[in-house]
There are 2 protein chains.
Amino acid sequence: MSGKKQNLPRYRQVYEILRKHIVNGVYQEGDMLPSENDLCQTNGITRPTVRLALDQLVKDGFIKKQKGKGSIVCAQPKGIGILSVAGTTSAIGKENLKTKILVGPVIRKWDDPFMFPLSDVEKESGCIYMERVRLVNNKPLFYDITFLPNINLPRFTSRKFENRSLFDILRRSYQVEVTGGEQSLKAITAKGKICQHLDVQEGDPVLHLERKINTNRIDFSFYSTLFCNTIEHALFGIF
Amino acid sequence: MSGKKQNLPRYRQVYEILRKHIVNGVYQEGDMLPSENDLCQTNGITRPTVRLALDQLVKDGFIKKQKGKGSIVCAQPKGIGILSVAGTTSAIGKENLKTKILVGPVIRKWDDPFMFPLSDVEKESGCIYMERVRLVNNKPLFYDITFLPNINLPRFTSRKFENRSLFDILRRSYQVEVTGGEQSLKAITAKGKICQHLDVQEGDPVLHLERKINTNRIDFSFYSTLFCNTIEHALFGIF
DNA sequence: CATTTCAACTTGTATTTACAAGTAAAGTTA
DNA sequence: TAACTTTACTTGTAAATACAAGTTGAAATG
């Protein structure tokens with residue numbers, strides 16, 4: 001116990017503590033969080049630092065703040081929060097999520113043209129390619145094609161991704177943290193491989209996301225094309 | 001000129017200035033913004049204030065920051081940024097956007113059940129209902145059904161919405177600022193009214209968004225069901 | 001010339017202090 | 001009791017300061 005992440009800045013530590021308390025129901029929807037001054041005392045930090053933590057919680061949709069009153073805990077979304085900074089695993093919860101590897105990871109050349117503009121360094125270093133299907137309650141929901149630049153990722157192709165989170169592997173094995181990204185989004189109708197992998201009929205509606213995912217390494221981004229069966233589970237996001 | 005918004009906090013003013021400079025191309029993609037200390041001097045403020053402005057620019061995807069280096073201007077997205085805090089008008093640009101009113105605004109009762117949980121106050125006060133189609137280059141792209149609680153919105157139903165922005169009217173006439181919201185998202189196939197209003201064939205893929213939009217009035221939110229024809233224009237967002 | 005070291009500059013984190021402005025409840029007054 | 005005022009507490013904004021840590025280019029060194 002108490003073996004927390006000691007290298008994280010304190011505002012991040014406080015954020016993690018409060019986030020866990022909300023997720024675990026210590027604070028429930030509609031509850032007030034302790035005031036900023038209280039949080040200063042209990043954590044031994046000052047208001048600007050507390051406010052950094054709270055700002056992050058607001059941004060992630062866990063609380064809303066009201067001037068003169070305090071921080072109010074929000075309802076936790078029921079849908080799948082894939083539109084925010086979170087991998088599929090953390091968006092759904094590990095319990096019901098399984099991952100089936102279809103292809104890779106293998107090293108190959110980048111598609112040309114690619115869905116996002118690539119730097120010269122990215123082009124030269126080649127591409128680590130994966131195809132995965134994510135299943136929720138044993139029903140395929142996401143068909144995910146991932147492209148990573150082959151930069152500073154030793155032994156990546158020999159790692160096991162079966163039922164493991166890509167984001168976790170990047171963070172734990174390579175100290176790569178996802179910080180954000182951009183995505184484009186459209187509705188399409190299923191055909192071919194998509195029908196097969198998502199177990200839907202030809203002509204069924206499917207959500208198509210193309211994402212560029214940025215990390216704490218300033219010139220390391222990776223890319224993902226995602227097909228989602230949203231018939232039963234809508235995607236959820238805050239803005 | 002210079003008759004700017006004087007009541008806005010200074011970090012917001014600086015944000016607006018920098019945002020406009022980026023949008024207007026004074027700073028272009030890849031350019032460095034002046035350093036935080038420079039911005040302090042030129043604006044007569046201190047670093048924490050400058051950093052608030054820059055944080056907002058990061059959040060909105062205009063810049064990215066690199067420790068030890070500076071603030072780098074990002075490419076401005078080509079798609080339609082409806083997934084962020086912006087009305088359709090500002091997401092597309094006024095030039096090519098037209099609005100056709102199909103219904104309303106009229107006062108009626110809330111649907112029961114409604115797509116989001118409603119407070120008692122909202123239920124009692126009734127609902128202002130509108131249906132609009134937004135056209136880009138004279139092609140219908142959004143079929144937007146809007147629900148507003150009938151609270152403190154005098155003469156709302158007699159206002160002209162033809163080719164005007166709902167967000168603008170709320171801000172200018174009622175001092176209501178949109179601060180964020182939540183949305184759920186799924187792909188569907190078009191049928192019935194949707195085909196008609198979006199000018200698509202039955203069975204064509206359509207994006208369906210359901211949004212709760214929060215404002216600076218703590219218990220005033222409004223709601224929108226949006227059907228988007230994404231065949232030609234994908235939606236774009238950052239996270 | 002090539003390499004290393006260093007100094008100057010950048011953003012990141014954190015403290016301390018101060019006041020403005022909104023909320024809510026206790027207390028006061030009619 | 002009902003309405004108003006005060007008071008305490010809350011978040012919002014802002015300044016001044018300090019040091020850590022990453023980046024870059026100039027200066028010193030081999």
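What you see below is based on every heavy atom in this structure, not just the backbone, and it leaves out hydrogens, waters and symmetry mates. Reminder, nothing fancy here: chain letters follow the sequence lines and each chain counts from 1.
Across all strands shown, Ile45(A) has heavy atoms under 4.0 Å from sugar-phosphate atoms exclusively, and none from any base. Nucleic acid contact class of Arg51(A) (heavy atoms, under 4.0 Å, all strands): base.
A donor-acceptor contact shorter than 3.5 Å links the side chain of Asp31(A) to the backbone of Gln28(A). Remark: side-chain polar atoms of Asn24(A) are paired, donor with acceptor, to backbone N or O of Lys20(A) under 3.5 angstrom.
The shortest distance between the side-chain N/O atoms of Lys65(B) and the OP1/OP2 oxygens of dG12(C) is below 4.0 Å. Residue Ser35(B) places at least one side-chain N or O under 4.0 Å from the OP1 or OP2 atom of dT10(C).
Atom CG in Asn37(B) sits about 15 Å away from atom P in dA8(C), given to the nearest Å. Met32(A) places its CE atom 11 Å from the P atom of dT23(C), with the value rounded to the nearest Å. Rounded to an integer number of Å, the gap from CG of Leu8(A) to C1' of dA14(C) is 16 Å. If you take CG of Asn216(A) and C1' of dT13(C), they are 17 Å apart, rounded to a whole angstrom. Rounded to whole angstrom, the span from the NZ atom of Lys69(B) across to the C1' atom of dC9(C) amounts to 13 Å. One can place NZ of Lys67(B) at 11 Å from P of dA14(C), the figure rounded to the nearest angstrom. The distance from atom CD1 of Ile218(B) to atom C1' of dA24(C) is 15 Å, rounded to the nearest whole Å. Atom CG of Leu54(B) and atom P of dT13(C) are 14 Å apart (whole Å).
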Please evaluate residues Phe147(B) and Phe222(B) with respect to the criterion ring-ring contact (aromatic ring centres under 6.0 Å, His included), reporting the C-alpha separation (whole Å), side-chain torsions for both, the decisive distance (0.1 Å), and the verdict. CA-CA 6 Å; Phe147(B) 306 84; Phe222(B) 60 98; over 10 Å; no
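Comparing dG12(C), dT10(C), dA18(C) by their nearest atom to the side chain of Arg47(A) picks out dA18(C). Considering only side-chain atoms of Asp38(B), the nucleotide from dT15(C), dA24(C), dT10(C) that sits closest is dT10(C).
With a 4.5 Å cut-off on side-chain heavy atoms, Phe62(B) and Gln76(B) count as touching.
The span of DNA chain D lying next to chain B, judged by atoms under 4.0 Å from heavy atoms, is bounded 5' to 3' by dT13(D) to dT24(D).
Thr179(B) and Asn216(B) form no side-chain donor-acceptor contact under 3.5 Å, judged by distance and modelled atom types alone. With no hydrogens or angles considered, no side-chain donor-acceptor pair links Ser119(B) and Asp219(B) at under 3.5 Å.
Checking Tyr11(A) against Gly68(A), the closest nucleotide of DNA chain C that is more toward the 5' end is the one next to Tyr11(A). Each of Gly44(A) and Gly70(B) lies near DNA chain C, and the nucleotide nearest Gly70(B) is the one positioned closer to the 5' end.
A salt bridge links Glu36(A) with Arg51(A); the closest basic N to acidic carboxylate O contact falls under 4.0 Å.
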